[in-house]
Amino acid sequence: MLNTIRLLALTGVLLLAAGPFRPVEAQNLPRPRFENENIYGFVLFDVFEAAPGLEGSPLAWDMFASIGKEYDRFWIKSDGDLSTSQRGGEMEFQALYSRLIAPYWELQAGARFDVAYSSEQTRRRGHLVVGLEGLAPYWFELEPALFISQDGDVSAGLTGSYDLFVTQRLILQPRLDAVAAVQEVETWGVGKGLNSVGLSLRLRYELAREFAPYLGVSWSRLFGRTGDLARAEGEDTRTVGLVFGLRWWH
Amino acid sequence: MKKKLTLETAPLSRRTFLHQAAAFGLLAGIKHLLPAYARPLTGGLTPPVAGSRPPTVYELTIAETGLRFGGRHARATTINGTVPGPLLRFREGEEVVLKVTNRLKEDTSIHWHGLLVPFNMDGVPGVSFPGIRPGETFTYRFALRQSGTYWYHSHSGLQEQTGVYGPIIVDPAGDDPVAYDREHVVVLSDWTFEDPHRVLRKLRKMPGYYNFQRQTLLGLLRGEDLSLRDRLRWGRMRMDATDLADVTGATYTYLMNGLAPEDNWTALFRPGERVRLRFINAGAGSFFDVRIPGLPLTIVQADGQNVQPVTVDEFRIGIAETYDVIVEPREDRAYTIFAESMDRSGYARGTLAPREGLQAPVPEQRRRPARSMADMGMDHGNMQGMDHGNMPGMDHGNMPGMDHGNMPGMDHGNMPGMDHGNMPGMDHEGHGMQMGAMAGLAPPGTLPPAVPHGEDTHGPGNAAVPMMTRSRLHEPGIGLGNDGRRVLVYTDLKSMEPTIDMPPPTREIELHLTGNMERYMWSIDGKAYSEAPEPIRIEKGERVRITFVNDTMMEHPMHLHGMWMMLENGHFPHLPRKHTLIVKPAERLSVLVVPDETGPWVFHCHILYHMDMGMFRVVEVTEPATAEVSQ
Ligand SMILES: [Cu+2]
């Protein structure tokens with residue numbers, strides 16, 4: 001007790017002796033808080049479109065939403081297509097934790113959930129995901145990812161895109177989607193090796209940066225065993241069609 | 001009726017406004033909104049008569065007010081109802097009292113930019129004082145130890161962008177060494193009708209949001225700007241050669257004394273007079289290039305400190321800098337005061353005229369420049385003394401974001417692994433490092449030598465690491481100096497009086513200005529303030545050399561509170577004393593400081609949005625260790 005009093009007294013003397021100036025910490029001021037400490041959210045529909053000429057006249061999307069600060073963020077990604085002329089569609093959802101590991105790269109890990117349905121059946125499966133999201137030299141946006149399904153099947157995906165400024169507001173975006181698998185998964189129409197490649201070209205006009213209608217063409221092809229499985233289902237292995245849609249973010 | 005037109009409380013519809021503007025005259029409306037110095041037509045300031053006592057007590061009320069900029073309605077944060085706020089005019093040696101009342105719904109503050117005050121009067125919430133709560137009045141009280149042109153602004157949130165700034169003139173205690181017949185204050189600033197928080201959120205999501213001057217495919221086909229080869233180089237580095245300003249004319253209206261270009265602020269003169277123009281850049285995000293076609297500009301003061309007169313055609317004024325300029329218009333005609341934003345996305349404009357109603361042609365805006373390899377610290381051709389070919393073992397492999405091997409014109413292939421860490425006499429371990437070991441302490445006044453960047457890449461918050469950083473004080477800056485105009489450079493600045501007789505500094509502190517343009521991260525040594533809240537410590541009276549190294553591709557106007565920075569531009573003992581310094585991309589610049597006031601002071605980038613992303617530090621000045629009781 002005496003010691004405590006002595007200590008308090010000494011502290012008081014020291015504070016007085018330090019004069020009008022005390023260290024910053026001792027002023028008990030809340031440290032200035034800046035915007036970088038605030039959480040912010042971002043939603044981007046990079047693709048949100050209709051393809052009336054394609055089989056089933058599908059509506060397709062590829063979007064993400066993220067929330068967090070600079071280094072650590074939580075992401076939701078989704079892409080898929082829904083047929084409008086018959087019952088059927090495929091969609092994919094990912095929930096990821098994302099960490100900035102290099103100036104241009106985020107490391108992402110989490111879970112993926114797939115749903116595929118048609119008039120006959122609905123299938124679902126889950127994956128673990130590890131991937132990267134970032135900007136490669138020459139301004140290529142790249143999104144490579146590795147997936148391990150609940151059954152232990154391993155596959156990989158790559159999405160790449162590029163924004164070519166034709167004018168200040170007219171932007172041409174070529175885009176690549178590719179999927180490859182280590183083993184065959186017949187129920188999901190997945191063959192070994194390169195499964196599919198999709199190439200597309202979209203020309204958007206940024207009415208505002210956040211709001212840009214576009215027109216484009218998309219081409220895709222299924223390969224190898226994946227193609228065989230699709231043919232067996234009576235589907236085309238090669239599609240090409242016009243798309244029109246909207247790129248929107250907030 | 002006038003009052004209703006100008007200080008309306010409810011927003012008027014545009015149609016109502018136009019109707020009223022037509023009925024009463026737009027100028028009459030604006031006139032009422034502005035302090036005397038800023039009115040659309042002004043005869044100039046009335047300096048206090050020698051021997052008279054200027055007011056030493058000011059009452060300033062910060063509130064939200066409806067205003068108009070360029071005929072468009074806005075909600076601004078005003079000081080005594082106007083943007084900019086009133087002119088505060090003092091005399092050196094006076095003790096002044098400033099009562100600041102907060103009528104906002106959030107905290108506010110006023111910082112006296114460039115004035116040497118006790119730390120608890122400096123006005124930085126969370127560092128100097130708690131801030132001014134809504135409804136409260138805070139009384140600032142300090143003695144003026146200097147004279148010159150300064151300014152004041154809020155240091156709370158983004159209030160500065162919404163209008164909380166104004167000019168300060170401190171008249172010298174004795175005779176003014178600058179002779180003039182008439183004077184005007186020219187406050188340059190930028191206004192956005194958007195909520196600045198929204199502006200910042202957009203930048204965080206898309207740092208190029210406001211850049212509508214990119215290089216395009218159409219431009220390439222037309223042969224404009226960079227060649228394909230150069231564009232590919234920039235692409236390889238994932239850098240944008242047109243990244244000149246984060247916030248641009250796409251949202252900004254550039255203001256001169258609170259007036260948009262079309263409102264044409266007009267300052268009167270009589271032909272043959274020596275007119276002193278006190279330029280203040282109170283912008284939140286804009287550098288201005290200032291010229292008055294037809295008139296040479298004689299710079300007599302920089303950052304409030306008299307300098308040996310130097311005559312130029314044009315000068316760049318960084319955010320938060322001030323320059324006093326003498327012009328002598330002899331002709332009976334109007335002259336345009338033209339302040340182009342550095343990225344050429346817009347301009348502020350006013351007129352010098354012998355009488356009302358005159359105006360001169362407004363010059364055409366120049367084309368925005370593009371960044372060069374020099375801004376990346378990579379033009380080896382001009383670098384003396386760096387022969388990479390002969391440096392055995394330089395290791396650039398672990399510099400992310402820079403793949404030298406593939407840069408055209410740079411062959412690092414036959415440089416097996418140069419290891420900076422092992423270069424004799426260079427210790428780049430950490431920061432706040434001792435460069436002194438390199439060649440003994442350079443005497444004050446020498447220019448910093450070109451130095452290869454150390455090994456520390458500063459983490460993911462720093463996108464680019466310039467290979468070489470060097471002094472660029474003799475360069476006018478991007479987009480200037482190539483059209484025959486004589487442009488002010490930092491090596492032109494020589495203080496009027498010799499700098500204090502200063503022995504070489506005893507300590508060196510190196511600070512890297514860092515950022516990641518792709519993610520709108522801004523920092524010092526790769527860390528935002530929240531990641532590095534520990535203060536930089538300097539003892540009172542200690543002679544310290546601070547070296548700023550700009551690792552980024554943008555200019556940063558760095559501002560240190562509480563003490564002068566003596567810019568080492570080679571003119572010792574006439575080093576200019578500055579409160580704010582533009583540090584160019586890939587530049588290494590050093591200043592000497594000798595703090596004479598204890599306290600926590602802040603050091604930050606004066607691009608408001610950079611500061612608000614954490615490009616900010618606290619510099620704590622303590623009593624010398626010998627005087628400390630606790631030790
Ligand atoms: Cu900055």
Side-chain angles (χ1 to χ4, degrees), chain A residues 10-11 13-38 40-44 66 69-71 99-107 134-140 162-172 206 208-210 249-250, chain B residues 118-120 124-130 158 197 200-202 204-206 209 212-218 232 235-238 400-401 403 406 459-464 516 518-519 521-523 528-530 533 535 598-600 602 609 611-614 616 618 620-623 628-630:
Chain A
L10 187 67
T11 311
V13 168
L14 283 177
L15 281 176
L16 284 175
F21 173 66
R22 284 157 288 133
V24 188
E25 291 80 7
Q27 293 179 61
N28 292 322
L29 295 177
R31 182 174 65 72
R33 247 186 89 88
F34 292 120
E35 174 67 22
N36 70 304
E37 296 171 74
N38 294 342
Y40 75 110
F42 190 20
V43 183
L44 168 71
S66 73
K69 298 184 188 177
E70 289 152 323
Y71 293 96
R99 169 84 190 170
L100 186 67
I101 53 161
Y104 298 100
W105 295 101
E106 285 178 52
L107 180 67
L135 193 67
Y138 299 110
W139 294 100
F140 287 101
Y162 182 83
D163 276 0
L164 178 69
F165 280 74
V166 179
T167 71
Q168 299 300 334
R169 289 175 184 270
L170 193 65
I171 295 149
L172 188 67
E206 291 188 345
R209 284 267 189 252
E210 299 91 334
W249 62 265
H250 183 72
Chain B
F119 86 88
N120 54 357
V124 182
V127 178
S128 321
F129 79 138
L158 301 177
H197 294 97
L200 187 46
R201 280 198 300 273
K202 286 176 173 177
R204 289 185 76 175
K205 292 171 189 174
M206 186 184 281
Y209 186 93
F212 286 92
Q213 300 188 89
R214 289 168 199 259
Q215 297 187 99
T216 61
L217 179 63
L218 208 64
L232 288 173
R236 160 140 213 112
M237 294 182 294
R238 292 164 282 193
D403 190 345
N406 289 321
N462 192 34
N516 181 342
E518 190 55 32
R519 294 172 195 279
M521 294 167 80
W522 298 103
S523 54
Y529 175 59
S530 55
T598 55
V602 301
Y609 299 96
M611 178 177 82
D612 208 37
M613 287 305 288
F616 181 97
V618 173
E620 194 172 300
V621 177
T622 54
E623 289 292 346
E628 267 175 37
V629 179
S630 54

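Throughout, a chain's letter reflects where its sequence line sits, starting with A, and its residues are numbered from 1. Keep in mind that this is a model prediction, so the values were computed, not measured.
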I'd like to check the side chain to side chain contact (heavy atoms under 4.5 Å, CB included) partners of A:Leu164; sequence neighbours left out, ordered by chain and number. A:Tyr162, A:Leu172, B:Leu217
Let me know if B:Asp612 has heavy atoms under 4.5 Å from chain A in its side chain, its backbone, both or neither. both
Which of A:Phe42, A:Phe34, A:Trp249, A:Phe140 touches chain B most, by non-hydrogen pairs under 4.5 Å: A:Phe34
Closest heavy-atom pair, A:Pro103 versus B:Ala463, reported as atoms and distance to 0.1 Å, is CB-CA, 3.8 Å
Rounded to the nearest 0.5 Å, the CG atom of B:Leu218 sits from the CZ atom of A:Phe165 at a distance of 13.5 Å
Side chains of A:Glu37 and B:Tyr529 in contact at under 4.5 Å (non-hydrogen atoms): no
So, B:Arg204 side chain and A:Tyr40 main chain: donor-acceptor pair closer than 3.5 Å or not? no
In Å and rounded to the nearest 0.5 Å, what is the CZ to CD1 distance from B:Arg214 to A:Ile171? 7.0 Å
Taking 4.0 angstrom as the limit, do A:Glu210 and B:Lys205 come out as a salt bridge? no
Locate the shortest heavy-atom distance separating A:Arg31 from B:Pro533; write the atom from each residue and the value. CD-CB, 3.7 Å
Do A:Pro137 and B:Met237 come within less than 4.5 Å of each other through their side chains, counting heavy atoms only? no
B:Arg519 versus chain A, the contacting section by heavy-atom distance below 4.5 Å: side chain
Measuring heavy-atom distances to chain A, does B:Leu200 have an atom under 4.5 Å in its side chain, in its backbone, in both, or in neither? side chain
Between chain A and each of B:Gly614, B:Pro460, B:Ser530, count heavy-atom pairs under 4.5 Å; write down the option with the most. B:Pro460
Is chain B contacted by the side chain of A:Leu44, its backbone, both, or neither, given a heavy-atom distance below 4.5 Å? neither
Side chain, backbone, both or neither: which part of A:Pro32 has a non-hydrogen atom closer than 4.5 Å to chain B? both
For residues B:Met521 and A:Asn36, determine if any side-chain heavy atom of one lies less than 4.5 Å from a side-chain heavy atom of the other. no
What's the spacing between B:Leu158 CG and A:Glu35 CD if we round to 0.5 Å? 7.5 Å
With only heavy atoms counted, which part of A:Trp105 is less than 4.5 Å from chain B, the side chain, the backbone, both or neither? both
Side chain / backbone / both / neither for B:Pro130 at chain A, heavy atoms under 4.5 Å: both
Hey, which of A:Leu170, A:Thr167, A:Ile101 has the most heavy atom pairs under 4.5 Å with chain B? A:Thr167
Turns out that what part of B:Phe616 lies under 4.5 Å from chain A's heavy atoms comes down to side chain
Side chain, backbone, both or neither: which part of A:Tyr71 has an atom under 4.5 Å from a heavy atom of chain B? side chain
